[in-house]
Trainee: 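Have a look at this one before I ask anything.
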Amino acid sequence: MKKSVVTIGKFNGFHLGHQELLKRVTQVAREKDYSAICCKLLMKDSGLLTKDESLKLIEITFPEVEGIRTYEFTPEFAALTPEEFVSNILIDEFNAGYIVVGEDFHFGRDRAGDTEVLKKLGEAKGFEVEVIKKLSMDGANVSSSRIKGLLDEGQVEAADRLLGYSYSLSGVVESGKKLGRTFGYPTINLKVEDTKYLPRFGVYAVKVYISGDNRIYNGITNIGTRPSIEDGNMVTIETFIYDFSDDIYGAEVIVQPLHFIRGEKRFDSIDDLTKQIEMDILEARELTN
């Protein structure tokens, strides 16, 4: 295979900082006529994106990337020394001629390799290394942890600015207890992957995208443990879509939170809960009009 330009990382948030790496990769690939490769490490911790979400986003945002390779962070993978990682993966698998990484990049057993180690190995193995500085916005570095902190506070608009796209929840509609129907607000229950990082529990004004349906719907979503329903600690994602009554069980749906309305609250009666839902809908409609 011809030479390639490679970037390596978890990319489980694929925020603006990560996107800078891919921009540089595709630019160098065009200049040098190399293949553009993204090497994605799959970790077990929760991420802003699931594996499928991140892969789709990379493909859509950077169609010039010719290959996206994923590696499970298994004990065997973690045991690779920096030298083995370079030889077995960067050289043998990708024929790397140019590597683009962030300034905090570490690799190999016990994170023994850093950017300086990578540069020295590049001199020995015949590839160039370019280190990209962290992207800063509003006086602080753009990072997944910073974005998670904003989501913890319900600040989805601020999180979206750092992501460069809209944070969303995707999954399959599954059958629930249909409690919403009993007080006039039928909801869809979204099943998302356990590794998906969830925002602050509470009620959000949302947009809803249904697979196979070109329309965009407005609604409200409750994320949390439903303290008024005595559901234990089970986390649910329930969405009431305005002016919508179709049966979409089994459909793939994307729910995009736009504005945080209120946190979770326990109500003494279904009547109190219903009144609050009515107020939530009024506020959500005003925010999305």
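Computed from a predicted model, the values in this text were never measured in an experiment.
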Trainee: Any donor and acceptor pair, going by atom type alone, linking the side chain of Ser54 with main-chain N or O of Lys51 inside 3.5 Å?
Mentor: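 Such a contact is found between Ser54 side chain and Lys51 backbone.
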
Trainee: Has His259 got a side-chain atom pairing as donor or acceptor with Pro257's backbone, closer than 3.5 angstrom?
Mentor: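 No: the side chain of His259 does not pair with the backbone of Pro257.
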
Trainee: Take Glu83 and Lys125 through the test salt bridge (charged side-chain N to carboxylate O under 4.0 Å, His left out) and record every step on the way to the result.
Mentor: CA-CA 10 Å; Glu83 293 77 12; Lys125 298 290 185 178; over 6 Å; no

Trainee: State, yes or no, whether a side-chain contact exists between Leu90 and Ile8 at a heavy-atom distance under 4.5 Å.
Mentor: yes

Trainee: Would you find a donor on one side and an acceptor on the other, under 3.5 Å apart, between the side chain of Asp110 and the backbone of Ala112?
Mentor: no

Trainee: Can you sort out the partners of His15 under ring-ring contact (aromatic ring centres under 6.0 Å, His included), two or more places apart, ordered by chain and number?
Mentor: His18

Trainee: So which atom in Glu53 and which in Leu169 form the shortest heavy-atom distance, rounded to 0.1 Å?
Mentor: OE2-C, 4.5 Å

Trainee: Would a 4.5 Å heavy-atom cut-off, applied to side chains only, mark Tyr185 and Thr274 as touching?
Mentor: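 A side-chain contact exists here, since the closest heavy-atom pair is under 4.5 Å.
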
Trainee: Looking at Lys191 and Gly171, would you say the former's side chain and the latter's main chain have a donor-acceptor pair under 3.5 Å?
Mentor: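 No, because the side chain of Lys191 does not come within donor-acceptor range (under 3.5 Å) of the backbone of Gly171.
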
Trainee: Checking the side chain of Glu283 only, and the main-chain atoms of Asp280 only, is there a donor and an acceptor separated by less than 3.5 Å?
Mentor: no

Trainee: Taking the six-membered ring for Trp, are Phe11 and Phe14 parallel (under 30°), tilted (30 to 60°) or perpendicular (over 60°)?
Mentor: perpendicular

Trainee: Heavy-atom count around Asp92 CG within 6.0 Å, excluding the residue itself: above 12?
Mentor: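 Atom CG in Asp92 is packed in, count exceeds 12.
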
Trainee: Not counting sequence neighbours, which residues clear side-chain hydrogen bond (donor to acceptor under 3.5 Å, both in side chains) with Lys56? List them please.
Mentor: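 For Lys56, no residue satisfies side-chain hydrogen bond (donor to acceptor under 3.5 Å, both in side chains) once neighbours in sequence are set aside.
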
Trainee: According to ring pair (Phe, Tyr, Trp, His ring centres under 6.0 Å), does anything in residues 127-173 pair up with another residue at least two apart or in another chain? List the pairs.
Mentor: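 Residue pairs with at least one partner in residues 127-173: there are none.
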
Trainee: Side chains of Val235 and Phe201: does their closest heavy-atom pair fall under 4.5 Å?
Mentor: yes

Trainee: Are the side chains of Ile220 and Thr239 in contact, using a 4.5 Å heavy-atom criterion?
Mentor: no

Trainee: Taking side-chain contact (heavy atoms from CB on, under 4.5 Å) as the definition, give me every residue that meets it alongside Arg24, ordered by chain and number, with sequence neighbours left out.
Mentor: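 For Arg24 the side-chain contact (heavy atoms from CB on, under 4.5 Å) partners, ignoring immediate neighbours, are Gln27, Val28, Glu31, Tyr98, Val100, Glu130, Ile132.
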
Trainee: Say whether, by atom type as modelled, one donor and one acceptor occur between the side chain of Lys196 and the main chain of Leu48 under 3.5 angstrom.
Mentor: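 Yes; at least one donor-acceptor contact below 3.5 Å.
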
Trainee: Output yes when a side-chain donor or acceptor of Arg200 lies under 3.5 Å from a complementary backbone atom of Asp152, and no otherwise.
Mentor: no

Trainee: Taking the side chain from Asn141 and the backbone from Ser143, do they hold a donor-acceptor pair closer than 3.5 Å?
Mentor: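 A pair under 3.5 Å: no.
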
Trainee: Between Tyr71 and Phe73 (judged by ring centroids, cut-off 6.0 Å), do the two rings come close enough to count as a pair?
Mentor: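 No - the distance between ring centres of Tyr71 and Phe73 does not fall below the 6.0 Å cut-off.
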
Trainee: With a 4.5 Å cut-off on side-chain heavy atoms, are Phe260 and Leu151 touching?
Mentor: no

Trainee: Applying side-chain contact (heavy atoms from CB on, under 4.5 Å), can you list everything that pairs with Lys120, at least two apart in sequence or on another chain?
Mentor: none

Trainee: Is there a path of hydrophobic side-chain contacts, each under 4.5 Å between heavy atoms of I/L/V/M/F/W/Y residues, joining Tyr209 to Val156?
Mentor: no

Trainee: For the residue pair Arg69 and Phe94, would you count it as a cation-pi contact if the rule is NZ or CZ under 6.0 angstrom from the ring centre and within 45 degrees of the ring axis?
Mentor: no

Trainee: Can you name the residues that form a side-chain contact (heavy atoms from CB on, under 4.5 Å) with Leu258, not counting sequence neighbours?
Mentor: Lys207, Gln256, Thr288

